[in-house]
Amino acid sequence: MMGTDLLFSVFVFLAAACVLVPISKLTGLGSVIGYLIAGVLIGPHVLGLIAEPETILHFSEFGVVMMLFLIGLELQPKALWEMRTRLLGLGGIQVFATVVAITAIAIALDVPTAEAIVIGMALALSSTAIAIQIMQDRSIMGHPEGRSGFSVLLFQDVIVIAMIAALPLLAVWGAGVDLGQEASQVPSYAGDHGGASDHGAVSGGIPKPEGMWLPVAIFAVFGGMVLSGRLLLRPVFRLIARSKVRETFTAIALLLVVGAALLMNWLGLSSALGAFIAGVVLADSEYRHQLESDIEPFKALLLGLFFISVGMSLNFETLAQYPLEILGVVSGLLILKFAILFAIGTIFKLDLSPRILFAVLLCQAGEFGFVLFQFAISEGVLRPETGGFLNAVVAISMALTPILVLAYDKLIAPRLRTAATTGEGPQNHQNPVLILGFGRVGQIVGRLLQTQNIGTTIIDKDGDHIEFLKQFGHRVYYGDGTDMDLLRIAGADDARIVVVAMDDREAVTTAVKAIKHSFPHLKILARARGRTHLFDLLAEEVDYVERETIRGALAMGEKALTLLDFDDIRSARLAKDFLALDFKMAEETYEMRDDIAALAERSDRHRALLMDTLNKTQDAAQDTGG
């Protein structure tokens, strides 16, 4: 009977997602809104197809854990260290200022001080799942607003540990509150943490560390994760890669995430934080891309399930009982957090448009609010009826975030683009070619095309560079080549080719991914910074990719040959054949790009093959008089 119920629940989830998410995406609302609407419809308060959303919420939160692991894989330790100013500055100021402001407002409304502090801490947090999903959908993780938003979210995921640890102290200080109801009446959302009341319990038969042993255990676990990632996992990955059993690699990828989550749960810390650190440890591994491709499908499904469960958790009975109060608190929360985030963005000198989007993305409450409220009720710091009310506030604010982002796109972003003073905004001249980035590479491409009277629309985001180029008669429009709305204005729907030639490696990759999704008819010619970037762009199946230095370096090599008494024709042919063979070999090694040992072995063979092939080609050319 239980198996039948499970199958029915799975069927309902998949059916709702398959019907509503594509419709939401096609209508421009985005996938997150589709998942939320699906959850509302199938939840206990509308169709009642799923009766217990709290159970699903426990399971689906693992999608957030996997998302943090994948983000960690993209963020090497050096990059994380470089983020320290944003982490402590943006994140620290946001959390402190928001906690103080909300606590002060709650105290002014006669809420007990300990309870007010809990409310301030919980509502200061934002939704990692929703904000990062939207940033990834928009391909802005590498943009100022994306980097700033991620820094704040990462700091929040770390500081929530201290917040949970502070709850017992607040309970002692506030001498408890009248529970009034059973805590079980408040929806549970604690799948990620061991609560304060769980200290001393066993996890898988192993006692949880307490007292002085807790910091020792934390240090040992994190140190062990770093050492095992460096010394143990790479040989294991190499062995599995050589076995060529694909499902084993998928299994070990899932094992890593689950293992990191269990270790953090044993310590009473955030599973998402543990997964993130595991990802960072493996970020410079040659098997990073394989891990990403294996985890991504599970992450996407579970994260979708998470958004559906948030929609199901919307309590319409509470909303019907206190509609004006809940909507008033939600509105006040969004406005207050937006103002604080906007001010912080101003302090850190974000441009106006990224600053507004940064504030819009993070002004909601987050999933950890459910966690803190539940623990606060169990510790006697928060009344259950207050917790139920605030759970509704958190869920509604999360559900409103995609709508606020949509409003930004439709109402605010177009006005900010037209009001830009750093350069002329793009126009659609029906040109067949778009050139994104007009530096040393883009200029050569553009000048060649212009000699044949081929129309080009050129976009660059360096205002000073645009002003400089005007002196030489170049008409360059101001804009970000990773902004698909801007490319649509520039005529991407009518163009045939886009040349992605920005200086920033990450911007090139981001633009290529977004263009493939938004304008699949365009032929993409991309500039690669080096061989590893070449592999990244080949993975996106661009129509043509060229390393920016390869031909200039070959020209120098060709000149060196002539100075060493090779004749001009032979030198030119050697350079031409070398280029063709090198690219062919790059395509052959693409599939093994994450296996350094295999690449090194193939590199030796390629050098010998390259030498042998070029010499045979030249001998044949000389025999024919070529």
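Throughout, residue positions are numbered sequentially from 1 according to the sequence presented.
Between the side chain of Asn431 and the backbone N or O of Val433 there is no donor-acceptor pair closer than 3.5 Å. Put simply, the side chain of Ser397 gets close to the backbone of Val394: a donor and an acceptor are under 3.5 Å apart. Checked by atom type and distance alone, the side chain of Tyr477 never pairs as donor or acceptor with a backbone atom of Ala490 at under 3.5 Å. Judged by distance alone, with hydrogens and angles left aside, the side-chain atoms of Gln443 form a donor-acceptor pair with the main-chain N or O of Phe438 at under 3.5 Å. At least one donor-acceptor pair under 3.5 Å links the side chain of Lys337 to the backbone N or O of Ala124. Distance alone, capped at 3.5 Å, places no donor-acceptor pair between the Asp493 side chain and the Arg488 backbone. Gln156 places a side-chain N or O within donor-acceptor distance of the main-chain N or O of Ser126, the cut-off being under 3.5 Å.
Note: His521 and Phe519 have perpendicular aromatic rings, judged against thresholds of 30 and 60 degrees for the angle between ring planes.
Atom CD1 of residue Ile344 and atom CG of residue Leu350 lie 10.5 Å apart, to the nearest 0.5 angstrom. The CD1 atom of Ile37 lies 11.5 Å from the CD1 atom of Ile308; values are rounded to the nearest 0.5 Å. For the atom pair CD1 of Ile93 and CG of Leu341, the computed distance is 11.5 Å after rounding to the nearest 0.5 Å. To the nearest 0.5 Å, the span separating CG on Leu537 from OH on Tyr544 amounts to 12.5 Å. Summarising the geometry, atom CD1 belonging to Ile132 is positioned 10.5 Å from atom CG belonging to Leu361; distances are rounded to the nearest 0.5 Å. Going from atom CZ of Phe338 over to atom CG of Leu404 covers 9.5 Å, rounded to the nearest 0.5 Å.
When the shell of 6.0 Å around NZ of Lys516 is examined, it contains more than 12 heavy atoms from other residues, nucleotides or ligands. Applying the 6.0 Å contact sphere to NE2 of His517 captures no more than 12 heavy atoms from other residues, nucleotides or ligands.
Lys523 places none of its side-chain heavy atoms less than 4.5 Å from the side chain of Arg496. Contact annotation: the side chain of Leu436 approaches that of Val498 to within less than 4.5 Å [non-hydrogen atoms, C-beta and beyond]. Taking 4.5 Å as the limit, every side-chain heavy atom of Leu487 sits out of range of all side-chain heavy atoms of Ser518. Counting only heavy atoms from C-beta outward, the side chains of Thr456 and Leu434 never approach each other to under 4.5 Å. In this structure, the side chains of Leu352 and Phe342 come closer than 4.5 Å at one or more pairs of heavy atoms. Looking at heavy atoms from C-beta onward, His533 lies out of side-chain contact with Arg527 at the 4.5 angstrom threshold. Contact of the Ser127 side chain with the Thr401 side chain is not registered, since no non-hydrogen atoms from C-beta on lie closer than 4.5 Å. Residues Leu333 and Val393 are in side-chain contact: their nearest non-hydrogen atoms beyond the backbone lie under 4.5 Å apart.
Looking at Arg529 and Asp504, no side-chain N of the basic residue comes within less than 4.0 Å of a carboxylate O on the acidic one, giving no salt bridge.
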Worked verdict on Ser151 versus Phe348 for side-chain contact (heavy atoms from CB on, under 4.5 Å): CA-CA 13 Å; Ser151 298; Phe348 281 79; over 6 Å; no
- prompt: How far apart are the C-alpha atoms of Leu336 and Ile102, what are their side-chain angles, what is the distance that settles it, and do they pass the side-chain contact (heavy atoms from CB on, under 4.5 Å) test?
  reply: CA-CA 9 Å; Leu336 175 65; Ile102 295 177; 3.6 Å; yes
Candidate pair Glu506 and Thr510, rule side-chain hydrogen bond (donor to acceptor under 3.5 Å, both in side chains), full reasoning: CA-CA 6 Å; Glu506 188 173 348; Thr510 299; 5.0 Å; no
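Partners of Arg547 according to the salt bridge (Lys or Arg N to Asp or Glu O under 4.0 Å) rule, which considers only residues two or more places apart in sequence or in another chain, are Asp582.
Of all heavy-atom pairs between Thr482 and Ala507, the closest is CG2-O, 3.5 Å.
Of the residues Ile340, Ile335, Leu334, the one that meets the side-chain contact (heavy atoms from CB on, under 4.5 Å) test with Cys363 is Leu334.
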